There are 2 protein chains.
Amino acid sequence: MTHPLDTTFAALADPTRRMILSMLLEDDMAVTDVAAPFSTSLAAISKHLQVLADAGLISQEKRGRVKWCKLEPDALRAASVWMQGFGQFEPVDLDAFERFLASDLANDLDDTDVPA
Amino acid sequence: MTHPLDTTFAALADPTRRMILSMLLEDDMAVTDVAAPFSTSLAAISKHLQVLADAGLISQEKRGRVKWCKLEPDALRAASVWMQGFGQFEPVDLDAFERFLASDLANDLDDTDVPA
DNA sequence: GCAATCGTCAACCAGATGGTTGAATAAGCT
DNA sequence: AGCTTATTCAACCATCTGGTTGACGATTGC
């Protein structure tokens with residue numbers, strides 16, 4: 001029914017979810033650990049993770065009683081191709097990306113519990 | 001308050017709005033002409049255009065009684081940089097983009113009034 | 001067995017979103 | 001001036017979203 005890009009972009013439209021993706025860039029994480037830096041409830045984060053999983057941006061594997069979340073960057077490829085069609089964007093610029101992550105850490109989290 | 005990427009991705013999450021952007025790739029258009037291929041009301045399209053303008057994805061200039069809509073692909077650059085940070089995506093692939101547009105034309109519009 | 005931990009489910013709430021219709025504003029045409 | 005075209009505004013509606021809280025099933029460890 002709905003186009004895959006709908007769910008991809010909708011998932012990316014939330015700062016909490018983008019932050020989660022950034023966190024998962026470093027390593028796989030359990031749900032509780034993903035939720036730790038946020039001031040919202042665990043249930044809310046669990047829902048965010050479900051949205052990300054539905055969009056294919058992460059995968060979740062339950063081992064024992066902990067559910068591990070893993071980044072699945074392939075799901076971004078279609079969206080990336082779509083966007084790049086609109087302009088001759090510069091090739092991968094990891095420095096710009098790092099700057100984004102830094103500013104996300106500074107701005108997106110609630111002013112409590114911001115990790116150092 | 002809200003991160004610029006929030007509005008960018010949210011604007012891109014709607015198939016009607018993505019279609020509008022694709023249409024504006026070819027040329028600037030008046031609001032009425034943008035609305036023509038869709039089965040939704042003109043007012044709805046006008047709102048969509050406002051969302052796109054708020055996200056900076058298009059600009060609107062009123063000349064006489066018609067308001068011209070112009071694609072502003074620069075607004076996609078920040079989002080593109082963000083996404084590319086998550087993987088080594090292939091460089092600009094215009095063929096893949098054309099395929100996307102073709103499938104959008106086939107799938108996204110309501111089954112009425114699909115332009116040939 | 002029993003308590004603690006991990007995570008989801010269910011019900012609920014406030015606010016945003018996408019759509020409609022009809023009236024209103026603005027600019028051109030004759 | 002008066003009709004027509006272009007676009008938005010206002011009110012309304014149904015649905016989605018992101019959040020909460022409390023109960024619940026499942027797993028682990030003592």
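Being a predicted model, the structure only gives us computed values, none of them experimental.
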> Is any side-chain heavy atom of A:Ile45 less than 4.5 Å from a side-chain heavy atom of A:Thr16?
Replying inline: yes
>> Can you measure B:Asp14 atom CG to D:dT15 atom P for me and round it to whole angstrom units?
In response: 18 Å
> What's the shortest heavy-atom distance between B:Ala55 and B:Ala75, and which atoms?
Replying inline: O-CB, 3.9 Å
>> Heavy-atom nearest nucleotide on DNA chain C for A:Asp33 versus B:Arg17: which residue maps closer to 5'?
In response: A:Asp33
>> Once salt bridge (charged side-chain N to carboxylate O under 4.0 Å, His left out) is applied, what residue pairs with a partner in residues 47-61 of chain B remain, sequence neighbours excluded?
In response: B:Glu61-B:Arg63
> To the nearest Å, how far apart are A:Met19 CE and D:dG18 P?
Replying inline: 16 Å
> Remaining members of A:Trp68's ILVMFWY cluster at a side-chain heavy-atom cut-off under 4.5 Å?
Replying inline: A:Val66
> What distance do A:Thr7 atom OG1 and A:Leu5 atom CG have between them, rounded to the nearest 0.5 Å?
Replying inline: 7.5 Å
>> Can you tell me how far apart CG (B:Leu12) and CE (A:Met83) are? Round to the nearest 0.5 Å.
In response: 6.0 Å
>> Rounded to whole Å, how long is the line connecting atom CG of A:Leu42 with atom P of D:dT21?
In response: 12 Å
>> If the condition is side-chain contact (heavy atoms from CB on, under 4.5 Å), which residues does A:Ala10 pass it with, not counting sequence neighbours?
In response: B:Ala13
>> Which residues pass the side-chain hydrogen bond (donor to acceptor under 3.5 Å, both in side chains) test with A:Ser59, not counting sequence neighbours?
In response: A:Glu72
> From the 5' end of DNA chain C to its 3' end, which nucleotides mark the outer limits of contact with chain B, defined by a 4.0 Å heavy-atom distance cut-off (strictly under)?
Replying inline: C:dG18 to C:dG28
> Taking atom P of D:dC9 as reference, at what distance in whole Å does atom CD of B:Gln50 sit?
Replying inline: 7 Å
>> Using C1' atoms of five pairs at each end, report the bend of the helix from C:dG7-D:dC24 to C:dT30-D:dA1 rounded to 10 degrees.
In response: 30°
> Which part of the nucleic acid does A:Ala43 contact within heavy-atom distance under 4.0 Å: base, sugar-phosphate only, or nothing?
Replying inline: base
What side-chain donor-acceptor pairs closer than 3.5 Å can you find for residues 28-36 of chain A, not counting sequence neighbours?
none

> Can you tell me how far P of D:dT17 sits from NZ of A:Lys47, to the nearest Å?
Replying inline: 11 Å
> Considering only heavy atoms, which members of residues 51-70 of chain B lie under 4.0 Å from some atom of DNA chain D?
Replying inline: B:Arg65, B:Val66, B:Lys67
> Applying the 4.5 Å side-chain criterion to the ILVMFWY set and letting contacts propagate, would B:Val51 and A:Trp82 be lumped into a single cluster?
Replying inline: no
>> Holding to side-chain contact (heavy atoms from CB on, under 4.5 Å), I want the full list of residues that pass it with A:Ala53, two or more places apart in sequence or in another chain.
In response: A:Gln50, A:Ile58, A:Gln60
